[in-house]
Protein chains: 2
Amino acid sequence: MLSDKNVKLEDVAKLAGVSKTTVSRVLNHRGYLSQKTIDKVHEAIDNLNYRPNQIARQLHERKTNLVGLVFPTMNDPFFSQLETKLDSQLYKLGYKTLLGNSQNDPDREQNYLQQLLNHQIDGLIVGSHNKGLTEYNNLNLPIISIERHIADHIPVVASDNYLGGKLATQQLIDDGCKHIIHTNYPELIASTNQLRQNAYVDVMHKNNLPVTIYHIDFDSSLEDKISIIHQLFIEHPEVDGIFADNDTNANLIMQTAKKLGYKIPEDLKIVGFDGSKMVQMFLPELTTIQQSIDQMAEVAVELLEQRIEGNTEVKSVTLPVKLIKGSTA
Amino acid sequence: MLSDKNVKLEDVAKLAGVSKTTVSRVLNHRGYLSQKTIDKVHEAIDNLNYRPNQIARQLHERKTNLVGLVFPTMNDPFFSQLETKLDSQLYKLGYKTLLGNSQNDPDREQNYLQQLLNHQIDGLIVGSHNKGLTEYNNLNLPIISIERHIADHIPVVASDNYLGGKLATQQLIDDGCKHIIHTNYPELIASTNQLRQNAYVDVMHKNNLPVTIYHIDFDSSLEDKISIIHQLFIEHPEVDGIFADNDTNANLIMQTAKKLGYKIPEDLKIVGFDGSKMVQMFLPELTTIQQSIDQMAEVAVELLEQRIEGNTEVKSVTLPVKLIKGSTA
DNA sequence: ATGAAAGCGCTAACAC
DNA sequence: GTGTTAGCGCTTTCAT
């Protein structure tokens, strides 16, 4: 089989004995064409194993059918499920996915952003956790954000995090816990994660229970996370309930607690957050707040499509959460 | 801040009072330029918030700096770690990643392939499990395959799967197991997974032990997988050791076994395969054969780079595996 | 040290 | 029905 490199529309035209325009028309099913011409052109295309050059097309049409995805990492149950679904939904609309995993490094995120823009992407879906990347404000590009407020004009697709936090905390209280600790991000970044914490604080206050929060950075090493969790148990041996802001931390907390001799759920009850398929598979016993991850991806792509189509009235969307009852709380 | 859309090199040239050529030279640090001109141009670029159009550049240079990734899914511990590392390594070399998760659907894989090619990618890294996609044979494009034989001229990066299968089976035998069952893919597809099975069979024969293999399709639903595993226990209640061809199945087997009353490792010993970071985190007790996943990604990108640079002598590479001793075997 | 003009591969007015 | 021609935005000879 011959290579298709360097075979261009002009070559097809020559071989078929027609003009470039005609070939282009056949390719794009446009205008009137005699069947004879169509056949001739197709024959030439097959003979030469011709494949149209998208780059040239894109240059002309100013549309690349490329959508950028900027997330901290793929190697995480939540993000891998989200990105998988995003990719799959984008595919249905004819878009290809250009990856940009920032590892939550602001320099890298900025760099990715620049590069994606240079690639003339048609749209962007972001879910990175970086603080204060002002770049996004100045972009005249359809953007949808997931679980993070970026700028006023950028629609956000997010779970009902406050409700989630409420459900989680209430579950622990209903279980009879008196010393409930919450783990969350280290700072008030622009993430909607903060609402989980707000709900925890509100519910605790309403029940006259003491509020204790530990900060676990999403990006720190496994060792650092575990060390903070250890500290938590040393400083608060009385803890009898923990609401973790994500399932990965809930898992680490469970493992650490077991090592320290806590029985779950007898001595210590745990509620996580996310409810990804992967964690459900590996840790079905975990009681957790399940986000509609697949739906988030679906909605995000829908909204992006609307923005790309020119709709400037695209609104943010909040999606439901539900408590999945396992055996840890 | 003004939008950068539509701002082109020509606009910069006009504002700076120079020619397009000069601006291009400043941009690419080429040729002789007076400092004064350089400054003027930079000023104009900043003022207009100009960003060069990669598409136009690419059209001229016939290089897109895009690498396609074709894998079955990202929502899997092994693949998400692999793709994360691939993306990160490609990034270091200045390549962007174009995603193509085929869900192991041949139509979809073929379609992705076409589309990626149309996007004029510079190279391709594949790890999909589809049988007999002949498309790859005809491509005049640098390709590296991971854990799968595609065509004779395409280099493969793979683990030492035979050794892995040997280590796993031997461990179970050393543990005193007499009825060891192996789970693997349903057919002799072009996957290197088959070598794990071959090793199992060889070691079992050498020890005069009966060979029993169950087939679990990577792509079937969770329910179907679990149902096959149930069947395994019904048909072989005497089983005292299982070598699963991947950790995800090992996990399902463990969960099913526990539900059926087996104590692990007392009644039943289990060895998995893969050893991804995610499974290590969620299931640290699992004894498994660890592949050098990150290294696979590193090597694959290195080989691809060589192929892109024009080296046609690129050889396949086999990477080491090691047994990670948990408490399940 | 800088500019004019051709060309990368394709599409789309505008002819005929 | 089909062809001619002028771009899309950038790089790069070849002049000067």
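Below, read A as the first sequence line, B as the second, and so on, with proteins coming before strands; counting in each chain starts at 1.
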Answer yes if the side chains of B:Q120 and B:R62 hold a donor-acceptor pair under 3.5 Å, and no otherwise. no
Atom CD of A:Q120 and atom P of D:dG9 are separated, to the nearest Å, by 9 Å
Separation of atom NZ in A:K63 from atom C1' in D:dG9, rounded to whole Å: 19 Å
Does C:dG9 have OP1 or OP2 under 4.0 Å away from a side-chain N or O of B:R62? yes
Would you check if there is a donor-acceptor pair between the side chains of B:Q114 and B:N118 at a distance under 3.5 Å? no
A:E10 CD to C:dG7 P, straight-line distance once rounded to whole Å: 11 Å
Minimum side-chain heavy-atom gap A:L27-A:I45 below 4.5 Å: yes
Do any side-chain nitrogens or oxygens of A:S19 fall under 4.0 Å of OP1 or OP2 in D:dT4? no
Rounded to whole Å, how long is the line connecting atom NZ of B:K20 with atom P of D:dT11? 10 Å
May I ask you to verify if any side-chain N or O of A:Y32 is less than 4.0 angstrom from the OP1 or OP2 atom of D:dG3? no
Counting heavy atoms from C-beta on, name the nucleotide in D:dT11, C:dA1, C:dG3 closest to the side chain of B:L27. D:dT11
Got a salt bridge between B:D87 and B:K96, using NZ or NE/NH1/NH2 to carboxylate O under 4.0 Å? no
For C:dT11, does either OP1 or OP2 sit under 4.0 Å from a side-chain N or O belonging to A:N28? yes
How many Å lie between CG on B:N118 and C1' on C:dG9, as a whole number? 13 Å
Starting from C1' on D:dG9, measure out to NE2 on B:H60 and report it in whole angstrom. 11 Å
May I have the distance from B:N53 (atom CG) to D:dC8 (atom C1'), rounded to whole angstrom? 9 Å
Residue A:R25, side-chain atoms from C-beta onward, closest of C:dC14, C:dA12, D:dT11: C:dC14
Residue A:K8, side-chain heavy atoms: nucleotide from C:dT11, C:dG9, D:dC10 that is nearest: C:dG9
Under 4.0 Å between any heavy atoms, over every strand shown, what does A:L33 touch: base, sugar-phosphate, or nothing? Just pick one. sugar-phosphate
Does the B:S88 side chain pair with the main chain of B:T84, one donor and one acceptor, at a distance under 3.5 Å? no
C:dG3 phosphate, OP1 or OP2: any side-chain N/O from B:T22 under 4.0 angstrom? yes
Looking for any heavy atom pair under 4.0 Å, which part of the strands does A:S34 touch: base, sugar-phosphate only, or nothing? sugar-phosphate
Sugar-phosphate only, base, or nothing, as touched by B:T21 at under 4.0 Å among non-hydrogen atoms: base
Phosphate oxygens OP1/OP2 of C:dA12: is one of them under 4.0 Å from a side-chain N or O of A:R30? yes
Taking atom P of C:dG9 as reference, at what distance in whole Å does atom CG of A:L59 sit? 12 Å
